[in-house]
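For the numbers below, each heavy atom of this structure counts, side chains included, while hydrogens, waters and symmetry mates do not.
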Amino acid sequence: FKQWSGLRSSLKLGTGYSRRTRESSGRRFTYDGYTPLAPGSVLDPVENSLDVLPAMTEVSGLNNSYEGTLQLINGYAQLDLRIVKDLRLVGGVRYEYADATIKAFDSTFNRILKIDTSPYKKHNIAPGASVTYSLNDRSNLRAAFSKSIARPDFREITPGQYVTLIDDEVMHGNPDLKQSEIYNYD
């Protein structure tokens with residue numbers, strides 16, 4: 001559309017939907033050294049040149065298994081408005097509805113735990129705006145603000161352990177984590 005002085009502007013509207021599911025299960029073992037083999041066993045030392053087997057103990061416990069679903073329904077509106085020839089305002093807002101379900105398996109008591117999903121706020125509003133002034137054909141002066149959301153991953157809020165891919169570090173989930181609201185200025 002054209003604004004009051006005939007400069008081209010636009011209004012954009014949109015919606016979206018996403019559904020993310022994750023399922024994870026694992027068993028953890030510790031290495032306890034070696035255990036002597038019994039004579040006549042399948043791995044008989046005479047037949048296989050082995051006289052000991054590695055001894056391992058299973059230490060799987062709370063939430064070595066979980067499943068989660070996160071559904072996001074969103075909508076946005078954005079106005080791109082040329083106020084005067086060299087001054088442009090872009091502003092908008094995004095709304096998200098988040099619905100999460102997370103379950104973990106507690107092998108200690110052989111039961112399924114429903115994890116509190118309050119770290120995922122149901123209703124989120126994320127505004128943003130920028131003002132750009134064209135100094136010349138090669139330079140702009142710009143100021144902007146936006147808000148975004150960062151949610152913890154399923155494994156980060158279940159009360160179990162997981163191993164990082166990069167350095168094999170054992171991490172513990174924290175059910176008390178909350179989503180972050182990030183405010184950006186430039």
Side-chain angles (χ1 to χ4, degrees), residues 12-38 41-43 48 50 52-78 92-129 144-186:
K12 296 179 183 178
L13 304 171
T15 62
Y17 172 80
S18 69
R19 183 172 194 263
R20 189 180 94 183
T21 60
R22 294 288 183 269
E23 200 173 301
S24 177
S25 62
R27 295 175 68 189
R28 295 184 57 237
F29 295 86
T30 60
Y31 170 71
D32 299 327
Y34 288 93
T35 302
L37 287 173
S41 68
V42 174
L43 294 174
N48 297 302
L50 293 174
V52 292
L53 276 180
M56 310 209 25
T57 303
E58 184 168 6
V59 293
S60 300
L62 178 64
N63 193 33
N64 283 312
S65 301
Y66 70 87
E67 61 182 50
T69 301
L70 174 62
Q71 296 183 87
L72 292 175
I73 301 169
N74 58 62
Y76 77 92
Q78 177 182 306
V93 65
R94 176 183 174 93
Y95 168 78
E96 287 185 348
Y97 172 78
D99 184 29
T101 304
I102 304 170
K103 294 183 224 171
F105 180 69
D106 179 356
S107 62
T108 306
F109 297 104
N110 199 26
R111 63 183 175 163
I112 293 177
L113 304 172
K114 186 172 182 188
I115 304 298
D116 178 21
T117 56
S118 62
Y120 298 101
K121 286 186 182 175
K122 292 278 189 192
H123 303 281
N124 298 281
I125 296 175
F145 162 80
S146 66
K147 176 184 168 186
S148 57
I149 307 297
R151 295 178 180 89
D153 196 34
F154 296 137
R155 68 180 177 176
E156 295 171 335
I157 62 171
T158 55
Q161 296 179 352
Y162 60 95
V163 179
T164 61
L165 294 175
I166 295 174
D167 57 5
D168 286 335
E169 185 178 354
V170 175
M171 302 294 289
H172 299 271
N174 180 355
D176 295 325
L177 286 178
K178 304 291 183 214
Q179 76 179 25
S180 301
E181 295 180 347
I182 304 161
Y183 296 91
N184 309 288
Y185 302 90
D186 67 53

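Shown here for Y97 and H123, the closest heavy-atom pair between the two residues is CD1-CE1, 3.7 Å. Nearest heavy-atom pair across E156 and L177 is O-CD1, 3.4 Å. Across every non-hydrogen atom of I102 and F154, the tightest pair is CD1-CD2, 3.5 Å.
Ring orientation note: the planes of Y183 and F145 are close to parallel, at an angle under 30° on the 30°/60° scale.
Rounding to the nearest 0.5 angstrom, the gap separating the NZ atom in K103 from the OG1 atom in T158 is 14.5 Å.
For Q179 (side chain) and I149 (main-chain N/O), no donor-acceptor pair under 3.5 Å exists by modelled atom type. In this structure a side-chain-to-backbone donor-acceptor pair under 3.5 Å is missing from D99 to Q71. K147 places no side-chain N or O within donor-acceptor distance of the main-chain N or O of E181, the cut-off being under 3.5 Å.
Counting heavy atoms from C-beta outward, T69 and R19 have side chains that approach closer than 4.5 Å. In this structure, the side chains of R151 and L70 come closer than 4.5 Å at one or more pairs of heavy atoms.
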